[in-house]
Amino acid sequence: MIDAVLIDELKTLVEPGKVLTDADSLNTYGKDWTRQFAPAPAAIVFPKSIEEVQAVVRWANQHKVALVPSGGRTGLSAAAVAAHGEVVVAFDYMNRILAFDEVDRSVTCQPGVVTEQLQNFAEEKRLYYPVDFASAGSSQIGGNIGTNAGGIKVIRYGMTRNWVAGLKVITGAGELLELNKGLIKNATGYDLRQLFIGAEGTLGFVVEATMRLERQPKNLTAMVLGLPDFDALMPTLHAFQNRLDLTAFEFFSDRCLDKILARGDIPAPFESHCPFYALLEFEALSEEVANAALELFEHCVEQGWVLDGVISQSEQQLKNLWRLREDISETIAPFTPYKNDISVTVSRVPAFLKELDAIVAANYPDFEVLWYGHIGDGNLHLNILKPDNLSRDEFFARCATVNKWVFETVERYNGSISAEHGVGMTKRDYLGYSRSAAEIACMKAIKAVFDPNGIMNPGKIFV
Ligand code: S2G
Ligand code: ZN
């Protein structure tokens with residue numbers, strides 16, 4: 001743990017009152033949405049400029065103090081948890097939009113800009129920032145870049161990585177790098193920008209980002225379809241994908257819907273109760289497209305892939321249908337879920353889902369397994385709710401066994417043990433199921449280049 005002398009020195013690097021050490025602040029800023037690791041930072045520092053971030057990183061190098069970056073604290077892999085006396089660098093005061101260019105369709109912003117703030121800014125400019133997910137109202141752009149956040153529109157717009165036109169970072173060595181400078185084409189060697197995207201702050205901290213924006217989608221329309229089983233998912237996806245330019249294709253099981261409807265504040269999509277549900281979205285750019293969607297619905301019903309369905313007729317109904325999917329995470333949080341965020345290639349999803357579901361059901365029939373996720377891009381969220389008859393520790397001990405089955409199955413399917421939530425500390429010990437020893441060695445060599453003293457978010461991704 002660093003001593004008071006060093007804390008006093010740290011205070012000289014930022015504005016007065018921007019270093020906190022009180023218990024509440026340490027607890028609040030030393031964690032993210034995960035709960036497996038108790039936050040135990042030494043201090044929280046709130047820089048307001050690139051220069052202050054650089055001064056803090058140089059100070060940390062001088063005194064070999066570990067730093068942990070903190071954005072919206074909505075992470076799900078403990079990548080922003082300071083559990084070992086680190087200093088947390090919180091970007092809440094670096095939250096300004098600095099520039100906008102209509103021709104480039106680009107916004108330059110500080111890392112503490114909240115995702116929804118950027119989405120709203122784009123809308124004011126009659127443009128669109130297309131990376132969206134349930135925590136967009138709290139997460140920050142710097143953290144989205146650090147984890148290469150994905151979410152619900154990846155099938156059309158890709159991950160955060162696709163929208164970063166330029167990055168300014170302070171490396172672990174305290175160097176300021178200005179990467180790619182907003183260019184579309186730039187074939188001048190390694191694209192170092194990409195290394196920092198998804199690196200969870202282990203190579204350097206994002207201190208400014210130039211994000212690209214997209215044209216606004218028109219007349220977004222959603223359908224929720226009731227499906228009989230896992231096997232119906234892919235043919236339904238293919239039927240719609242072959243004729244419509246989908247912006248989303250999500251799924252959730254009946255257990256997820258039951259939890260949502262039990263809240264009593266969101267209407268059921270339709271009368272019948274189905275084992276699975278798909279939520280798809282597209283731009284109804286013309287009468288022809290809207291008719292095609294209805295023809296596809298009828299075709300899927302005839303094929304037995306779909307049992308029932310509803311199509312949004314208004315902006316409000318579109319929002320209500322999306323809440324059935326997007327509110328799952330917050331709705332099940334009180335049930336202490338064991339969470340996994342895995343991906344396989346889309347073609348292998350049905351076999352993977354069925355195999356994994358059978359393994360868990362055979363070994364823990366009393367576990368309430370909830371499946372939901374971004375099935376259109378192969379990303380599944382397996383959540384298991386803690387049974388009342390098990391203590392938290394007993395439950396998570398059993399889930400460690402489930403982890404093994406999950407990751408062994410992911411490995412056999414050449415999948416990813418973390419599709420969009422990052423590795424952090426929760427998945428660190430399982431990295432080998434998705435990455436080879438040679439790859440991990442290369443990642444560690446890259447870390448040594450950018451963070452020679454190992455002060456940048458140590459213990460995240462790998463030890
Ligand atoms: C989602 C949110 C976090 C979770 O809902 O798509 O990424 O796993 C998740 O509940
Ligand atoms: Zn997700």
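Ligands are counted one by one from 1 in listed order, and the atoms in each one are counted from 1 as well.
Counted within 6.0 Å of CZ on Arg96, heavy atoms from surrounding residues, nucleotides or ligands total 12 or fewer; the atom is thus considered open. The number of heavy atoms from other shown groups lying within 6.0 Å of CD (Glu123) does not exceed 12.
Annotation: side chain of Arg73 is in contact with side chain of Asp92 (closest heavy-atom distance under 4.5 Å). Counting only heavy atoms from C-beta outward, the side chains of Ile342 and Leu356 approach each other to under 4.5 Å.
Remark: Arg348 engages no residue in a salt bridge (Lys or Arg N to Asp or Glu O under 4.0 Å) (not counting sequence neighbours).
For a distance threshold of 2.8 Å, the protein N, O or S atoms nearer than that to the Zn ion (ligand 2), listed by chain and number, are His374 NE2, His381 NE2, Glu420 OE2.
Side chains of Arg126 and Gln216: a donor-acceptor N/O pair is absent below 3.5 angstrom, by distance only.
Within the structure, the salt bridge (Lys or Arg N to Asp or Glu O under 4.0 Å) test picks out the following pairs touching residues 229-242 (sequence neighbours left out): Asp231-Lys354.
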Does ligand 1 have any N/O pairs with the protein under 3.5 Å, and how far apart?
residue  : atom   : partner : partner atom : Å
ligand 1 : 5 (O)  : Arg325  : NH1          : 3.1
ligand 1 : 5 (O)  : Arg325  : NH2          : 3.4
ligand 1 : 6 (O)  : Arg325  : NH2          : 2.7
ligand 1 : 6 (O)  : His374  : NE2          : 3.0
ligand 1 : 6 (O)  : His381  : NE2          : 3.2
ligand 1 : 7 (O)  : His381  : NE2          : 3.1
ligand 1 : 7 (O)  : Glu420  : OE2          : 2.9
ligand 1 : 7 (O)  : His421  : NE2          : 2.8
ligand 1 : 10 (O) : Ser329  : OG           : 2.6
ligand 1 : 10 (O) : Lys339  : NZ           : 2.8
ligand 1 : 10 (O) : Tyr372  : OH           : 2.7

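Atoms CG and CD1, from Asp327 and Ile332 in turn, are 11.5 Å apart once rounded to the nearest 0.5 Å.
For the pair Ile260 and Arg323, the tightest heavy-atom approach, listed with the atom from each and the gap, is CD1-O, 4.1 Å.
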